[in-house]
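Basis for what follows: all heavy atoms, side chains included, without hydrogens, waters or symmetry-related copies.
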Amino acid sequence: MSQPQNKVISHSKEAQIQAYQKHMKDDIGAIYHNFLEIIKMVRMEDDGQSQVTRPSQAEQDWYEVEVRAANMVRAAESLMKLISDMRQFLLLNDFPQVNDAIIYANTYCRQMQNKIDTCLVSLRDDMASELFEMEEEYYSSQYK
């Protein structure tokens, strides 16, 4: 692969990684912000100057908590999807690691092949010498 083409690929990978990082920061920020707002709503403020009644305010707060919780769930699901996308990106684009694994497996298989070949040659030599000795015994025997 030529050098300019390699740089283009690495730039696209870098851009994809930066997009993943931005997406992750946005989702974590959304979870954090919604959580803080829920915690702030838990505090009871009795300032006496509210224009809505206490039951109405409680109902409004309840709906706001539900919406914020739903936003937190959406952001968490988005993070799970991001993790899945990152895994797929890693599997599809981590060619050096895949190549290293293939080279390691190839080397291991070659070593096993050499070991087996050595054993087979040794076995062949042993069988040839035993066969030669048996032939000598047979041909020199008086019971042919």
Side-chain angles (χ1 to χ4, degrees), residues 1-139 141:
M1 189 181 295
S2 65
Q3 192 70 354
Q5 191 176 12
N6 194 13
K7 286 192 180 242
V8 169
I9 291 172
S10 66
H11 286 303
S12 67
K13 284 182 184 179
E14 188 66 32
Q16 185 68 33
I17 290 170
Q18 287 177 353
Y20 286 151
Q21 287 175 339
K22 182 186 180 311
H23 192 76
M24 179 185 64
K25 286 179 183 178
D26 291 345
D27 287 340
I28 290 174
I31 291 172
Y32 179 74
H33 174 71
N34 285 305
F35 183 74
L36 283 180
E37 290 301 317
I38 288 173
I39 296 299
K40 285 179 186 176
M41 284 191 325
V42 171
R43 287 192 232 148
M44 295 298 285
E45 296 178 11
D46 192 22
D47 54 6
Q49 298 177 359
S50 178
Q51 294 180 358
V52 265
T53 63
R54 191 178 274 276
S56 297
Q57 184 66 40
E59 193 68 23
Q60 181 181 353
D61 289 347
W62 175 254
Y63 286 128
E64 189 173 344
V65 166
E66 282 186 359
V67 168
R68 293 198 178 277
N71 287 341
M72 288 174 65
V73 169
R74 183 208 49 83
E77 288 174 347
S78 179
L79 279 174
M80 302 252 309
K81 171 89 169 75
L82 177 66
I83 289 169
S84 172
D85 291 347
M86 290 173 71
R87 285 181 180 163
Q88 183 178 11
F89 177 80
L90 180 65
L91 287 174
L92 295 177
N93 294 311
D94 193 14
F95 293 119
Q97 185 176 359
V98 171
N99 288 340
D100 290 344
I102 290 171
I103 289 169
Y104 174 76
N106 191 11
T107 304
Y108 177 75
C109 289
R110 293 271 184 218
Q111 289 173 349
M112 290 303 295
Q113 178 186 6
N114 290 337
K115 184 177 178 182
I116 291 170
D117 286 347
T118 304
C119 288
L120 286 174
V121 167
S122 174
L123 185 61
R124 182 198 65 190
D125 292 342
D126 290 346
M127 288 177 66
S129 70
E130 291 296 324
L131 183 61
F132 182 73
E133 289 175 13
M134 287 181 178
E135 284 177 346
E136 276 186 2
E137 187 71 31
Y138 175 74
Y139 289 123
S141 171

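The local environment of CD in Glu137 is sparse, with at most 12 non-hydrogen atoms from other residues, nucleotides or ligands closer than 6.0 Å.
Gln60 is linked by a side chain to side chain donor-acceptor pair (under 3.5 Å) to nothing, counting only residues two or more places apart in sequence or in another chain. Every residue meeting the ring pair (Phe, Tyr, Trp, His ring centres under 6.0 Å) condition with Tyr20, not counting sequence neighbours, appears here in chain and number order: Phe89. Judged as a side chain to side chain contact (heavy atoms under 4.5 Å, CB included), and not counting sequence neighbours, Asp100 has no contacts. Every salt bridge (Lys or Arg N to Asp or Glu O under 4.0 Å) that Glu64 has, sequence neighbours left out, goes to Arg68. Residues passing the side chain to side chain contact (heavy atoms under 4.5 Å, CB included) test with Tyr104, sequence neighbours excluded: none. In this structure Lys22 satisfies the salt bridge (Lys or Arg N to Asp or Glu O under 4.0 Å) test together with Asp26, sequence neighbours excluded.
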Extract all donor-acceptor atom pairs below 3.5 Å that involve side chains of residues 71-86 and protein atoms in other chains or at least two apart in sequence.
| residue | atom | partner | partner atom | Å |
| --- | --- | --- | --- | --- |
| Ser78 | OG | His23 | NE2 | 2.9 |
| Ser78 | OG | Asp27 | OD2 | 2.7 |
| Lys81 | NZ | Asp85 | OD1 | 2.9 |
| Lys81 | NZ | Asp85 | OD2 | 3.2 |

Considering only distance and modelled atom types, tabulate donor-acceptor pairs under 3.5 Å from the side chains of residues 128-136, sequence neighbours left out.
| residue | atom | partner | partner atom | Å |
| --- | --- | --- | --- | --- |
| Ser129 | OG | Asp126 | O | 2.9 |

Return a table of donor-acceptor pairs under 3.5 angstrom between the side chains of residues 105-113 and protein atoms on other chains or two or more places apart.
| residue | atom | partner | partner atom | Å |
| --- | --- | --- | --- | --- |
| Thr107 | OG1 | Ile103 | O | 2.8 |

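Residues Glu37 and Met41 have side chains not in contact (no heavy-atom distance under 4.5 Å, counting atoms from C-beta outward).
With rounding to the nearest 0.5 angstrom, the CG atom of Asp61 is 9.5 Å from the CD atom of Glu59. Considering CZ of Arg124 and CG of Leu120, their distance stands at 9.5 Å, rounded to 0.5 Å.
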